[in-house]
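Below you'll find the structure, written out as structure tokens, and then a few comments.
Numbered from 1 within each chain, the chains take letters A, B, ... in sequence-line order. The basis for the numbers below is simple: all heavy atoms, side chains too, and nothing from hydrogens, waters or symmetry mates.
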There are 2 protein chains.
Amino acid sequence: MPQRSVAERPALTRERVVATAMSLADGGGLDSLTMRRLAEELGVEAMSLYYHFPNKNAILDGLLERTFAEIEDESGGFSTEASGDTWQQALRDRILGARRVLLRHPWVPAVMESRSTLVPTMARYIDANVGLMRSGGLSHDLIHHAMHALGSRQYGFSQELTLDGDGSSSPGDQDLARMAEMVPHLAAMLQEVVHDDPESTLGWCDDQTEFEFGLDILLDGLARRHAAEEH
Amino acid sequence: MPQRSVAERPALTRERVVATAMSLADGGGLDSLTMRRLAEELGVEAMSLYYHFPNKNAILDGLLERTFAEIEDESGGFSTEASGDTWQQALRDRILGARRVLLRHPWVPAVMESRSTLVPTMARYIDANVGLMRSGGLSHDLIHHAMHALGSRQYGFSQELTLDGDGSSSPGDQDLARMAEMVPHLAAMLQEVVHDDPESTLGWCDDQTEFEFGLDILLDGLARRHAAEEH
DNA sequence: ACCTGAACACCGTTCAAGT
DNA sequence: ACCTGAACACCGTTCAAGT
């Protein structure tokens with residue numbers, strides 16, 4: 001890593017810091033995003049970052065801001081009109097768009113959980129979803145319930161817990177045999193799932209099919225309750 | 001904190017360590033659970049813990065083990081027969097039981113996320129839920145989808161992101177006025193929700209009503225797809 | 001077998017100082 | 001105005017040593 005002179009080194013701006021933090025997290029996960037490593041990547045001392053940001057959390061907020069800007073881009077703007085579509089279809093498309101962005105930045109859910117602040121672009125995302133449901137005629141009360149029911153799915157991910165320790169391959173026959181003693185029902189289910197689709201990993205993988213299955217149940221249920229609202 | 005002699009100090013066992021870790025986390029949150037503080041609480045040096053556990057993660061696994069033992073107790077055992085009830089009702093009751101336990105240990109979801117290992121009592125919990133659905137006649141394929149769709153709700157919590165920075169009180173009129181400019185649809189919804197129920201905190205509170213609303217949409221949807229399975 | 005003391009390689013951050 | 005160097009108060013953990 002060649003030491004560049006101060007003259008040819010680009011100025012340290014908030015944008016450069018956040019962009020570099022993003023590529024650091026994308027490349028090596030959240031753990032690799034430390035103040036010292038981030039500074040090194042920028043060719044600067046760690047303490048210089050504190051001139052531009054009050055603390056590390058402010059940098060994390062910058063990352064969320066940038067993520068939701070990407071989501072807005074992916075959605076072609078945050079429209080509140082379901083032009084041509086039903087509100088369900090429009091909301092579904094937007095959520096799957098958010099999901100595509102999060103799959104590029106898999107560390108984002110962890111940051112969202114650690115930060116309770118609502119960054120502006122994230123607020124605009126939520127606002128757009130409220131507007132979309134409103135345009136479909138849902139009551140504010142039902143929309144409020146909907147936001148809770150969707151939970152993190154609204155942002156394109158769901159909190160699923162992985163079953164296997166190493167996250168590697170499908171279970172072999174002897175793994176299933178050992179499991180059958182302690183967890184017979186689970187083992188029987190996995191035996192069949194693995195047989196039908198050898199590509200599926202053991203259990204709780206948050207893959208596209210499963211994500212859409214859960215999302216569609218929720219959207220269906222909300223539409224059904226909306227219909228009931230209108231008698 | 002009086003220094004007790006070795007003689008009168010109870011032996012350092014895995015059980016005592018995990019129990020003390022639990023009360024430490026219950027009292028001061030996960031951040032307060034450090035190896036040094038845990039050792040201090042036990043009247044011992046931090047390094048002594050490494051004689052009984054290979055590392056801190058092993059202690060966290062012990063906490064999960066203990067948590068799911070509490071859940072089993074709360075459920076009166078992990079039956080796989082929905083005696084007298086439908087499978088939906090039995091599953092609903094069990095999940096709400098898990099939730100009651102997690103509300104006593106609010107740091108547990110964070111530990112579950114950080115650990116990808118499946119501790120034995122947790123495996124038995126999942127197994128019991130598979131068995132319960134199986135006793136209701138659901139196919140393994142539908143059960144597999146159900147586990148994904150329920151996600152963390154199965155364990156009694158849902159990943160919801162808080163809206164307000166400080167998690168304190170309801171928004172005042174001037175807060176809503178400022179919000180109205182940037183997020184008009186969201187502000188309008190909250191205005192109405194706050195008006196109807198001044199007790200509700202701003203937005204994403206993971207409270208009982210909202211948890212059950214989302215859970216019931218999912219259970220309804222699963223039952224509906226089960227009915228379709230049977231033509 | 002069970003526990004300890006000193007040390008290592010990290011963190012985020014404060015503070016006074018440099019240019 | 002912008003950046004640095006040294007230091008502080010923490011982490012989890014290793015390693016050799018005590019009893």
(message) If I take atom CE in residue B/Met47 and atom P in nucleotide C/dC8, what distance separates them, rounded to the nearest angstrom?
(response) 14 Å
(request) For the pair A/Glu74 and A/Arg104, find out whether any cationic side-chain nitrogen is under 4.0 Å from an anionic carboxylate oxygen. (result) yes
(message) Check B/Arg92 with B/Glu212, please: is the shortest side-chain N to carboxylate O separation under 4.0 Å?
(response) yes
(request) Would you mind pulling out the nucleotide paired to D/dG12, Watson-Crick or G-U wobble, both distances under 3.5 Å? (result) C/dC8
(request) Write down the distance between CG (B/Leu38) and P (D/dT13), rounded to a whole number of angstrom. (result) 12 Å
(request) Return the 5'-most residue of the pair A/Asn55, B/Ala46 with respect to DNA chain C, ranking by each residue's nearest nucleotide. (result) B/Ala46
(message) Could you tell me how far apart B/Met35 (CE) and C/dT4 (P) are, to the nearest whole angstrom?
(response) 13 Å
(request) Could you work out which one of D/dC11, D/dC3, C/dT4 sits closest to the side chain of B/Arg36? (result) D/dC11
(request) Would you kindly give the OH-to-P distance between B/Tyr51 and C/dT4, to the nearest whole Å? (result) 13 Å
(request) Would you check if the side chain of A/Arg115 reaches a backbone N or O of A/Leu64 as a donor-acceptor pair within less than 3.5 Å? (result) no
(message) Between B/Asp26 and B/His105 (side chain of the first, backbone of the second, donor and acceptor by atom type, cut-off under 3.5 Å), is there such a pair?
(response) no
(request) Mind calculating the distance between OH (B/Tyr50) and P (D/dA17) to the nearest angstrom? (result) 21 Å
(message) Just N and O in the side chain of B/His52: are any of them under 4.0 Å from OP1 or OP2 of C/dC3?
(response) yes
(message) Is A/Thr34 close enough to C/dC11 that one of its side-chain N or O atoms is under 4.0 Å from OP1 or OP2 there?
(response) yes
(message) Please name the nucleotide paired to C/dC2 by Watson-Crick or G-U wobble geometry with both distances under 3.5 Å, or report none.
(response) D/dG18
(message) Among D/dT4, C/dC11, C/dG12, which nucleotide has an atom closest to any side-chain atom of A/Val44?
(response) D/dT4
(request) Would you mind reading off the distance between A/Leu42 atom CG and D/dT4 atom C1', rounded to a whole angstrom? (result) 15 Å
(request) Examine B/Arg124 relative to B/Phe68 and say whether NZ or CZ is less than 6.0 Å from the centre of the six-membered ring and inside a 45° cone about the ring axis. (result) no
(request) Please state how far atom CG in A/Asp31 lies from atom P in D/dC11, giving the value in whole angstrom units. (result) 18 Å
(request) Can you tell me the distance, in whole Å, between the CD atom of B/Glu45 and the P atom of D/dT14? (result) 18 Å
